[in-house]
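Residue numbers begin at 1 in each chain, while the letters A, B, ... track the order of the sequences. Keep in mind it's a predicted model, so treat the numbers as computed, not measured.
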Amino acid sequence: MAQTTVASEYSSEVHAEPIEHRFNPYSDNGGTILGIAGEDFAVLAGDTRQSEGYSIQSRSMSKVFDVGDNILMSANGFAADGDALVKAFQNQLKWYHFNHNKELSIHSAARLTQQLLYGKRFFPYYVHTILAGVDEEGKGAVYSFDPVGSYEREQCRAGGAAASLIMPFLDNQVNFKNQMDPSSNGTKKKELRYLSLQEVVNLVKDAFSSATERHINVGDALQIVIVTKDGARTEYHSLKKD
Amino acid sequence: MNHDPFSWGRPSDETYGSYNNAIANAGNVSAFPKMNTQQPIITGTSVIAIKCKDGIIMAADNLGSYGSLARFDDIERLVEVGVNTVVGMSGDISDLQQVQRMLEQLEIDQSYEEETSALRAEHVHEYLSRVFYNRRSKMNPLWNACVVAGLSDDKPILRYVDLLGVTYESACVATGFGGHLAIPLLRQKCDFEAEYADISLDEAEKLVKECMKVLYYRDARALDKYSLCRIDNNAEKKVTITKDVRCEDMKWEFAQHIKGYGTQVV
Amino acid sequence: MAGLSFENYQRNQFLAAKGHGVPKATSTGTTIVGCKFKGGVVIAADTRATSGPIVADKNCEKLHRLSPKIWCAGAGTAADTEMVTALISSNLELHSMSTSRAPRVVTALTMLKQHLFKYQGHIGAYLIVAGVDPTGSHLFSVQAHGSTDIGFYQSLGSGSLAAMAVLESNWHEDLDKEGAMKLCSDAIQAGIWNDLGSGSNVDLCVMEVGKDAVLYRNHLTPNVREQKASSYKFARGTTAILKEDIFKLIDVEEETIHSEAMEVDA
């Protein structure tokens, strides 16, 4: 077909073939999650706003789950996929108990999550997943996953809408990136140390209140779940609602 | 060489000709491809609902639209399931009626299993969310957004599920245009989950009627005739659906003072 | 050459076809409203400016002065609302001087719509124009393509549906100044709380016949940030000093000059 040059706003909308109108099985429901590992604990936090486009669907949807065996899980991104992944995990965990009659360790939980995610390699769960718990040595553990199952154990990780806002703050405040030992006259890096639970909770609160200030998909309320060898407990804090 | 990095690493069209998409679909040998619902045909607009101390108020109008044609004015979009659950649906009407049949079947199957009717609102919601998520995963969605309202242990349950399988729970829930026009009004009375205890059923009913009026003013696919559902924990019969409710006390008189669209005076 | 240049239009279309997105301008997801009352008119706006999902400015000004008693609220592309407002404001002043008359709201409206129509929607300015002039008080809205609307109340922007719901359910014919101010700030708040593109504070401007226009900058501030949990003051020495150089950039020399007293104009 001879292509004529049409200099109009609509020239890009003129198609040689009819356009196929396809159902889009994904959407983005916003929200942000954050996991930090301490010496003998781990926290996993998330805001409770669920949104679609410019509308708030709910101001009070928890997305951090205590899935059992002292494991916290959150899958943030497309809410339906997130829920489906958590449910699939819980179902597998139940069968694990039936078959082996023992608790699932956090590193096994991480490998299971990888299998679940990679199992849908060509129709992925559109989520950023974080697991938090206590490992077999009693140390806090955080595992983070990309949508198709690549994962890594880390000291801290932010996921979801405002991950790019929170992650640099965490690099600096948890892993002391770009910080020198003040007494070393710029010759030694600030030494790494475990943060106390109070320090971690304060960091999480400030990370979320700051993300709320600058990201439209973050807000309403903050759910912080703290896990130790003795179990998990949840606290809620309010965030701005605009 | 093509200097556009977007075409690097791809077989060049100049050498091989453009990609034949039939190759990717080589498995599908039938003459006609399988057709799934790719767009709704007859549609219903918003469903709105609000939780309150003793129950839930929900409403959906009776219009069935065929594109911009107001085709049917007697479509019922509130579906009773069991004794204390109601599902309000918007979107494609044929899919709605299919879901209605599935819910009837669920109720029958459930009654074989247990003597006392144990099907509760959260079970209906869980069932629907699985059905909708599975259908979207097969790329063959049921083109609806549903509001599930009911009572469970004397507590009001109000949840949402749509064609993508996305779910949520809130003190006020609305589908479609209702999410933009009714929710801001409903949230003025009951913004956070905990606040629903502060409003009575009568207050909530007044508010929902006001919202239906605003929707009729501003949603071009809405009708001033609707069904209103009242789920009352203190009543003998928990669920009552009033049909053919009309929008009342509408204001249209101001229109006679408006002339033209700017500089006109007559 | 006068006006905007379109010389790169075809090149951009070509690049877009190759898969390179067209650069996107900063858009203000916004709620703006206007409402008339006996003897005047009120306009109001939220103060959030966004670029994509990021809040670019938490307290920006969306109310612009076209002339001392004609103000307008802008939604759409931030740069366009500011530039088109500045241009029309300037032309309105020149027009007013050459005719020796106070500028009229319909004049501003006509200048705006003719300018915007000329650019066929490429200037993405959506405005609510209001003010008082010798013929009384007026309220209009203008869309980017040049169409205009008239009414007793108006709302525009991404939060316009939330705001319109409040206006539709609470507006009545005999509002006074305080009532109109309350209605406008309630409508803006509906946008602030329910529309993600709107947020922060409420700005308001009241224009009354026979009085100066009054701008209430930050009329309501319902979104003050609370105290942070910790302080993030770094100990001195946290940032390594790798090299230190001190430059003396300014030389100060004092010199007393004895001379006759300076000549000044009488």
Nearest-0.5 Å distance, CG of residue A:Leu44 to CE of residue A:Met73: 10.0 Å
Between the CD atom in A:Gln223 and the CD atom in A:Glu235, the distance rounded to the nearest 0.5 Å is 10.5 Å
Decide, yes or no, whether a salt bridge links B:Arg136 with A:Asp81 under the criterion of side-chain N to carboxylate O below 4.0 Å. yes
Chain A: which of B:Arg187, B:Arg130, B:His180 shares the most heavy-atom pairs with it under 4.5 Å? B:Arg187
Between the NZ atom in A:Lys205 and the NE2 atom in A:His237, the distance rounded to the nearest 0.5 Å is 4.5 Å
Mind ranking A:Met61, A:Gln57, A:Glu52 by heavy-atom pairs under 4.5 Å with chain B and telling me who comes out on top? A:Gln57
Proximal component of B:Tyr168, with respect to chain A [non-hydrogen, under 4.5 Å]: both
Side-chain contact, heavy-atom cut-off 4.5 Å: B:Leu186 with B:Ile50? yes
Within residues 144-163 of chain B, which residues come under 4.5 Å of chain A, heavy atom to heavy atom? B:Tyr160, B:Leu163
Listing request: all salt bridge (Lys or Arg N to Asp or Glu O under 4.0 Å) pairs with a residue in residues 40-53 of chain B, at least two apart in sequence or in separate chains. B:Lys51-B:Glu169, B:Lys51-B:Glu193
Is it the side chain or the backbone of A:Tyr54 that comes within 4.5 Å of chain B heavy atoms, both, or neither? neither
How about A:Phe145 and A:Tyr151: are their ring centroids closer than 6.0 Å? yes
Separation between CD1 (B:Ile48) and SG (B:Cys211), nearest 0.5 Å, reads 4.5 Å
